[in-house]
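First up is the structure itself, then whatever we jot down about it.
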Amino acid sequence: MNAPWIAAQVELLVAQRGHAWLLQGPSGLGQYALALELARAWLCDAPTANGACGTCDSCHAIDVRGHTDLEVLMPETVMMELGWPLPEKAQSDIDDKKRKPSKEIRVEAMRDVVEFAQRTSGRGRGKVVMVYPAERMNHVTANTLLKTLEEPAGDTRFVLASEASHQLLPTIRSRCLGHTMSWPTLAESTAWLAGEGVNESDIAGLMKAAGGRPEDALALARSGADPAAWSRMPKSLARGDPGLLSNWGAAQTIEALTKVCHDMLAVKAGAPPRFFDGKDLPAAPSFEALNAWSHDLMRAARNAEHPLNPGLMLEALVSRARSALHSSS
């Protein structure tokens with residue numbers, strides 16, 4: 001069952017024309033879910049004003065990841081996570097340990113899309129190419145897609161979903177109709193998270209930690225995040241105690257530290273914090289110290305996927321956080 005804010009956007013978008021859409025906004029708002037529902041509606045045998053019927057052969061084919069007129073363009077890691085089958089050659093290479101699954105959208109996959117766009121629709125309702133997360137295209141892949149967008153086959157539609165659309169080529173953005181993701185109300189998010197099995201007493205704290213984004217809150221819940229431990233984290237860092245970070249991977253740890261840094265900068269500038277309550281934050285150090293820490297975290301994020309020693313990495317990150325939070329100049 002789709003979240004209510006996704007269903008409302010599907011109804012809005014299916015009523016409009018356009019061969020290419022770019023769904024954009026921060027993480028946690030449902031870009032993938034909206035892109036998939038839009039593709040389902042375009043390909044549905046009996047579409048309604050609300051989107052796909054959900055029961056026809058076309059809808060079933062998408063449910064089982066086997067629709068002949070839908071091509072998904074994703075990093076291999078994302079395809080595996082979301083249950084989409086990899087191309088036979090890619091799956092064979094990974095199974096034989098010739099290489100690891102790609103974390104970016106490979107140009108080989110984009111070439112398959114070009115060939116797909118030139119084929120005749122198998123079911124007679126056109127074809128759809130879904131790209132997610134679109135910002136994971138490398139430069140060659142993006143330019144190959146651009147050529148296809150410039151001269152699309154008459155019955156091919158594109159839906160690109162991105163959590164960092166500013167990273168896309170301006171020429172790609174200009175060839176798509178843009179749609180900025182809607183933010184759900186707190187009541188909608190709370191009801192949806194409860195329906196996903198999140199403990200109702202934890203929802204408010206998780207939503208705070210996620211900056212109001214329900215899918216991110218759900219991811220935190222599934223990672224075992226404790227809202228009480230989250231609220232204690234900034235002052236624990238000031239003492240040099242990693243707290244709940246000791247159970248997290250590099251990318252999640254750096255994201256959490258970035259949220260602490262963001263809120264410290266906000267408070268220092270006289271703005272309200274976003275991810276923590278004000279009482280949970282230690283006294284803010286200087287702007288210079290916080291800006292330097294922010295830049296260090298951005299550099300660390302670029303290397304988060306490298307095979308570093310996790311224990312040493314966590315120790316270094318916590319030490320750097322403690323140093324920043326105690327700096328006066």
Side-chain angles (χ1 to χ4, degrees), residues 26-28 75-78 80-81 94 97 99-105 133 135-136 138 163-164 167 205-206 208-211 213 215-268 273-276 280-329:
S27 67
E76 291 165 346
T77 51
V78 176
M80 295 168 71
E81 178 186 344
I94 293 167
K97 302 191 185 308
R99 62 177 178 85
K100 293 182 178 179
S102 175
K103 294 179 180 178
E104 65 178 20
I105 297 174
E135 67 271 13
R136 298 270 197 98
N138 61 35
E163 297 170 359
Q167 296 178 12
L206 291 169
K208 184 71 175 175
R213 295 173 285 192
E215 286 192 352
D216 285 356
L218 180 61
L220 283 170
R222 289 177 173 169
S223 73
D226 174 12
W230 175 266
S231 66
R232 294 193 298 267
M233 183 175 61
K235 291 181 179 178
S236 295
L237 288 170
R239 298 192 299 269
D241 177 6
L244 84 167
L245 298 181
S246 58
N247 298 318
W248 287 358
Q252 194 174 13
T253 296
I254 293 167
E255 181 182 3
L257 293 174
T258 301
K259 290 178 178 180
V260 176
C261 186
H262 169 279
D263 277 9
M264 298 292 287
L265 280 165
V267 169
K268 189 73 175 178
R274 181 175 182 182
F275 303 103
F276 298 89
D280 297 329
L281 299 171
S286 66
F287 272 122
E288 292 84 357
L290 290 171
N291 283 325
W293 184 28
S294 176
H295 286 296
D296 285 348
L297 287 170
M298 285 189 284
R299 283 192 291 270
R302 290 195 290 270
N303 299 318
E305 304 297 339
H306 289 197
L308 301 174
N309 182 300
L312 290 177
M313 183 214 66
L314 177 63
E315 183 179 337
L317 288 170
V318 172
S319 176
R320 179 66 183 91
R322 184 177 185 277
S323 174
L325 294 173
H326 283 278
S327 178
S328 59
S329 64

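Scope of the values below: all heavy atoms of this structure, side chains included, with no hydrogens, waters or symmetry mates. Fair warning: this is a prediction, and the values are worked out from it, not measured in the lab.
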Determine whether [X] and [Y] make a side-chain contact, defined as any pair of heavy atoms from C-beta on separated by less than 4.5 Å.
X: L265; Y: W293; result: no
X: K235; Y: L281; result: no
X: E104; Y: P75; result: no
X: E163; Y: P26; result: no
X: R136; Y: V78; result: yes
X: L257; Y: L317; result: yes
X: P285; Y: K268; result: no
X: Q252; Y: L220; result: yes

Measure the [atom1]-[atom2] distance between [X] and [Y] for me, rounded to the nearest 0.5 Å.
X: M233; Y: D226; atom1: CE; atom2: CG; result: 12.0 Å
X: S323; Y: D296; atom1: OG; atom2: CG; result: 9.0 Å
X: L245; Y: L237; atom1: CG; atom2: CG; result: 6.0 Å
X: D263; Y: L290; atom1: CG; atom2: CG; result: 11.0 Å
X: S223; Y: L218; atom1: OG; atom2: CG; result: 10.0 Å
X: R232; Y: D241; atom1: CZ; atom2: CG; result: 9.5 Å

Test salt bridge (Lys or Arg N to Asp or Glu O under 4.0 Å) applied to E76 and R99, step by step: CA-CA 11 Å; E76 291 165 346; R99 62 177 178 85; 2.7 Å; yes

Is there a donor in the side chain of E215 and an acceptor in the side chain of S27, or the other way round, less than 3.5 Å apart?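 No pair is found: no donor N or O on one side chain lies under 3.5 Å from an acceptor on the other.
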
May I ask you to check whether S236 and R239 show a side-chain donor-acceptor distance below 3.5 Å?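 The criterion, which ignores hydrogens and geometry beyond distance, is satisfied for R239 and S236.
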
Nearest heavy-atom pair of [X] and [Y]: which atoms, and what distance?
X: K208; Y: P273; result: NZ-O, 3.7 Å
X: G240; Y: V318; result: O-CG1, 3.6 Å
X: F275; Y: A209; result: CD2-O, 3.4 Å
X: I254; Y: A300; result: CD1-O, 3.5 Å

With a 6.0 Å cut-off (strictly less than), is the heavy-atom count around CD of E315, excluding the residue itself, greater than 12?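 No.
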
Quick one: does any side-chain atom of [X] pair with a main-chain N or O of [Y] as donor and acceptor, under 3.5 Å?
X: S246; Y: P242; value: no
X: K103; Y: T77; value: no
X: S319; Y: A316; value: no
X: H262; Y: R274; value: no

Given W230 and D280, is the side chain to side chain contact (heavy atoms under 4.5 Å, CB included) satisfied, shown in steps? CA-CA 9 Å; W230 175 266; D280 297 329; over 6 Å; no

If you apply the rule side chain to side chain contact (heavy atoms under 4.5 Å, CB included), what do you find for F276 with V267, and how did you get there? CA-CA 11 Å; F276 298 89; V267 169; over 6 Å; no

Could you walk me through whether D216 and L206 pass the side chain to side chain contact (heavy atoms under 4.5 Å, CB included) check? CA-CA 9 Å; D216 285 356; L206 291 169; over 6 Å; no

Should I94 and K100 be marked as a side chain to side chain contact (heavy atoms under 4.5 Å, CB included) after you check the CA-CA gap, both sets of side-chain angles, and the distance that decides it? CA-CA 6 Å; I94 293 167; K100 293 182 178 179; over 6 Å; no

